[in-house]
Amino acid sequence: MGSYSTKVDRKWQERWEKTRLYSFDRSRVDKKLYCLEMFSYPSGAKLHVGHWYNYGVTDSWARMKRMQGYEVFQPMGFDAFGLPAENFAIKTGVHPYDSTMANIATMQEQLKQMGGMFDWDYELSTCEPEYYKWTQWMFLQLYKAGLAYRKEAPVNWCEHCQTVLANEQVIDGCCERCDQEVTRRNLTQWFFKITEYADELLEKLDELDWPEKTKQMQRHWIGKSVGADITFNVIGHEASFTVFTTRADTLLGATYVVLAPEHPLVEQITTPEQQAEVQAYQNEVAKQSELDRLTTTEKTGVFTGAYAEHPLTGVKLPIWIADYVLASYGTGAVMAVPAHDERDFEFAEKFDLPIVRVVRPASDGVDDCLPFTDYGVLVNSGVYDGLTSEAAKERIVAQLAKVGRAEFRTNYRLRDWLVSRQRYWGAPIPIVYCPECGTVPVPESELPVELPYDVEFTPDGKSPLAKAEDFVHTSCPQCGSAAEREVDTLDTFVCSSWYFLRFPDPHNSEVPFDKEWINKMLPVDMYVGGAEHACMHLLYARFFTKALRDLGYLDFDEPFTKLVHQGIILGPDGNRMSKSRGNVVSPDGYIAEFGSDVFRMYLQFGFNYIEGGPWSEDGIRAVARFVDRVERFIDRMVELKAQGGGKTTIDKGEKELNFVRHQSIKGITEDADKFQFNTAISRLMELTNALYRYDNEQDEKNVAFLSEVTDDLVRLMAPFAPHFSEEMWERLGNSYSVFNQAWPEHDPAALEREVVEMAVQVNGRVRDRIEVAADASEEDVRAIALAAEKVQPYLEGVSVRKVIVIPKRIVNIVVG
RNA sequence: GCCGAAGUGGCGGAAUGGCAGACGCACUUGACUCAAAAUCAAGCGGGUUUCGACCUGUGUGGGUUCGAGUCCCACCUUCGGCACCA
């Protein structure tokens, strides 16, 4: 057995700390590389495999970059506000602040055991007043800019968590946190106007070096759709309403219109006879949970008794309400064209409403049964007959625009971000309600609005802060009269939407960050974290960056230049790890047994990083064996050097070893750069195998050369097994630290072979192999291939039609 | 239903359109050992074999190409996202 263990880990952790090896040198900011992993929630449990996979493996990438000469900035902090701490408190009585602080201390300890290059001088924690003061400041800046506002709206309510949720936090109609059904409630809540940036958030995606899948998810989430608003007058009322449509070309096919049940016009226009039915329907819809709504496929709706006037023909169109029209999208009203829309068609069939075709397929032979939703050529549309859908859209909207009845318009699926939460453990919203002055922002000089410690935080649907008398009662910052504080707290996603901006300057008490400094340090060059944040954190952070840019606080457009998502490590049974399945792999035991580098290196070697996969007990043992194998060779090297002697010439054996050496340097550098750690490690194994082969096969060794290659092996291994490599580096008699060594660069000349083996195919099947000079001409290769012994039988009695020569790889002889 | 990704040995996983299965695990054999472990060496997709080889093989079926795991079309399966967005 080798000597590597947690003892070696500790030795080097202490040395690194004492010598401040990883301390960020601000004077080298021109060489900076900001490498960031998504910070973690300080839960009571210890670091899990996922943390290691994210932080440990990314740290190896950052270490390589350091050796390549970058000044790496890799901070670590804690996303410390949030529901779990509060729920834990409700269960056990331990205050969220106390449990969070204890958890942070434990996690720090464990992160240090991992051996990451984190510079703890830059640590931050979102639940500290030092930090959330500036979260509140952010809120105020957005408020002043009109990007934070309060409104009453139907919002998602989780009965179990006793709070509202953002759209992004509702998954299949259920709370993302507790899986309980989400219901809709009309509540007055705070929103951030992320929709203001919808277009830029969409456009700028093209420039980002992000996984295509993630960009696609954001594109879809933003959901740009180009169309027009068309206004309909209500017959017999001084009222009108506007619909949004992407198919203005089908306007002549509109046979009725539908308002969302919550549409404000409904009360006004409903006829007395329909009153009861309409109200009953509205109540029923309001009662429905999101889940009911998703699972009901059958269309429902009620006639209001009122009619609208078709804007082109003046024809009477019945006005219905139905819950397939959403209050929160577009204008909350649609023109129904059953002939050319599946939903309208279904509804019209069920309620026996007229269906009029106004588009037919542009070419014959196309299935034209109704509903026909493709573009085509207009019919039954008077002066517009014969136009294509595309042309008709333009023409019809332009026509109506002249009389102020339509305009072109773009809509987005993205909704504004609901940020208030009826919970205790979050940043208080810095707003005061004054009976005289109304909604008043807390002056910046009075920040932070501190979260009081002694609060009754049992959830009952009211914000816990509402019960803290000392907190609630205050005086109005404007007029001084008695006033009340906002008692909701901010969604924790608000805290994490700007933490990467605070990291380079985390203790600044004057401003959230220094503009000049941040412009040098940002954007983050490499951001690594889970894919589950695609439409939440990653979208919010982009929004914050853009808003702060427009407010003049920073000068860049995007926060994260390059993004990588790690995969998920599954349990040994191939399922997601969960306590109930009993397949949870916890790092601690393995680290105690094998040392942290073996654990880290297995995570790099055993999986495709992006994909993840099932944990394997045998896999980690294989890595432990490899580490031992390297150590044995290092000891052998020390012995050889002590013996002295040997030759100094570079012969066949040396050339072969040198080839593998430079091939490894090239491959490891390229692979690790691409986060392909599994192949990088396998190349380390190949280099190790080559060293053994050389030692076994060469009777007379070039010890100086062998020593050079061995040093390279340790340099190349250092990012992936940092503690072990330091130890080996020292054992080889080299000076501290291997991480101050330059990363090896490959010599292209060493990769040029004099003789190469090529496969010879006849009609695509390999029949022989030939050895030719690497610089042989195509004619020479062709001649040698045609003369190859084992291809002869295949050339008899046929004629050679063609010979394809791919230099250094293959020859294909086509016969027939 | 729509959008996207992926299907390769017993397993984890490799392969700029150019010798499929790198590297490793498991397994088999041999060396060392009193023995085991560890280590070292060799073999290891499937089938046929006169032991020289030959055939077949990357989810299924077609296609493009001198040549396809890789590109194109259709389908099947799995996973992820969205789900009345007008």
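From a predicted model like this one, the values you see are computed outputs, not experimental measurements. We use all heavy atoms of the structure for the numbers below, so side chains are in, but hydrogens, waters and symmetry mates are not. So that the names make sense, note that chain A is the first sequence line, chain B the second, and so on, each numbered from 1.
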Roughly how many Å is it from [atom1] in [X] to [atom2] in [N], rounded to a whole number?
X        : N     : atom1 : atom2 : answer
A:Glu617 : B:C11 : CD    : P     : 19 Å
A:Arg765 : B:C54 : CZ    : P     : 10 Å
A:Glu670 : B:A22 : CD    : P     : 21 Å
A:Gln761 : B:U65 : CD    : P     : 17 Å
A:Ile806 : B:G67 : CD1   : P     : 13 Å
A:Gln216 : B:C3  : CD    : P     : 11 Å
A:Met217 : B:A5  : CE    : P     : 14 Å

(request) Enter syn or anti for the glycosidic conformation of B:G63, syn applying to angles within 90° of 0. (result)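 Anti for B:G63; the angle lies over 90° from 0.
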(message) Please classify B:G52 as syn or anti, treating any glycosidic angle within 90° of 0 as syn.
(response)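 Because its glycosidic torsion lies within 90° of 0, B:G52 adopts the syn conformation.
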Report which part of the nucleic acid [X] touches: base, sugar-phosphate, or nothing (heavy-atom distance under 4.0 Å, all strands).
X        : answer
A:Gly612 : sugar-phosphate
A:Tyr412 : nothing
A:Tyr256 : nothing
A:Arg625 : sugar-phosphate
A:Arg576 : nothing
A:Arg629 : sugar-phosphate
A:Ser616 : nothing
A:Ser225 : sugar-phosphate
A:Glu611 : nothing
A:Asn678 : sugar-phosphate
A:Asn689 : sugar-phosphate
A:Gly330 : nothing
A:Arg621 : nothing

(message) Between B:U70 and B:U65, how far apart are the two C1' atoms, rounded to whole Å?
(response)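 13 Å, rounded to whole Å.
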(message) Are more than 12 heavy atoms, taken from residues, nucleotides or ligands other than A:Lys193, located less than 6.0 Å from that residue's NZ atom?
(response)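 Open.
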(request) Indicate, with yes or no, if the rings of A:Tyr602 and A:Tyr590 have centres closer together than 6.0 Å. (result)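 No, the ring of A:Tyr602 stays outside the 6.0 Å limit from the ring of A:Tyr590, centre to centre.
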(request) Would you kindly check whether a donor in the side chain of A:Asp618 faces an acceptor in the base of B:C25, or vice versa, at under 3.5 angstrom? (result)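 When only heavy-atom distances are counted, A:Asp618 does not reach the base of B:C25 through any donor-acceptor pair under 3.5 Å.
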(message) My understanding is that only one of A:Arg219, A:His565, A:His533 makes a side chain to side chain contact (heavy atoms under 4.5 Å, CB included) with A:Thr214; could you say which?
(response)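 Passing option: A:His565.
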(request) Applying ring-ring contact (aromatic ring centres under 6.0 Å, His included), name anything that partners A:Phe720, two or more places apart in sequence or on another chain. (result)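 Residues passing ring-ring contact (aromatic ring centres under 6.0 Å, His included) with A:Phe720: none at all.
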(request) Scan for ring-ring contact (aromatic ring centres under 6.0 Å, His included) pairs involving residues 617-636 of chain A, sequence neighbours excluded, and state none if there are none. (result)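 Listed once each, the pairs are A:Phe633-A:Tyr692.
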(request) For A:Thr231 and A:Pro311, work out which heavy atoms get closest and say how close. (result)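 Scanning both residues completely, I find the closest heavy atoms to be O-CB, 3.9 Å.
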(request) Report yes or no: do A:Asp199 and A:Tyr412 form a side-chain donor-acceptor pair below 3.5 Å? (result)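 Side chains of A:Asp199 and A:Tyr412: pair found under 3.5 Å.
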(request) Consider only side-chain N and O atoms of A:Ser225 and A:Asn411, and report whether a donor and an acceptor are under 3.5 Å apart. (result)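 Not at all, the side chains of A:Ser225 and A:Asn411 share no donor-acceptor pair under 3.5 Å.
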(request) Ignoring the backbone of A:Ile804, work out which of B:A14, B:G24, B:G18 is nearest its side chain. (result)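 Side chain of A:Ile804 sits closest to B:G18.
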(message) Both atom distances under 3.5 Å, Watson-Crick or G-U wobble: I'd like the secondary structure of RNA chain B as a dot-bracket string, with | for pairs made across strands.
(response) (((((((..(((.....[....))).(((((.......))))).((((....))))..(((((..]....))))))))))))....
(request) Would you give the length of the straight line joining atom CG of A:Leu684 to atom CE of A:Met717, rounded to the nearest 0.5 angstrom? (result)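 A:Leu684 CG to A:Met717 CE: 6.5 Å, rounded to 0.5 Å.
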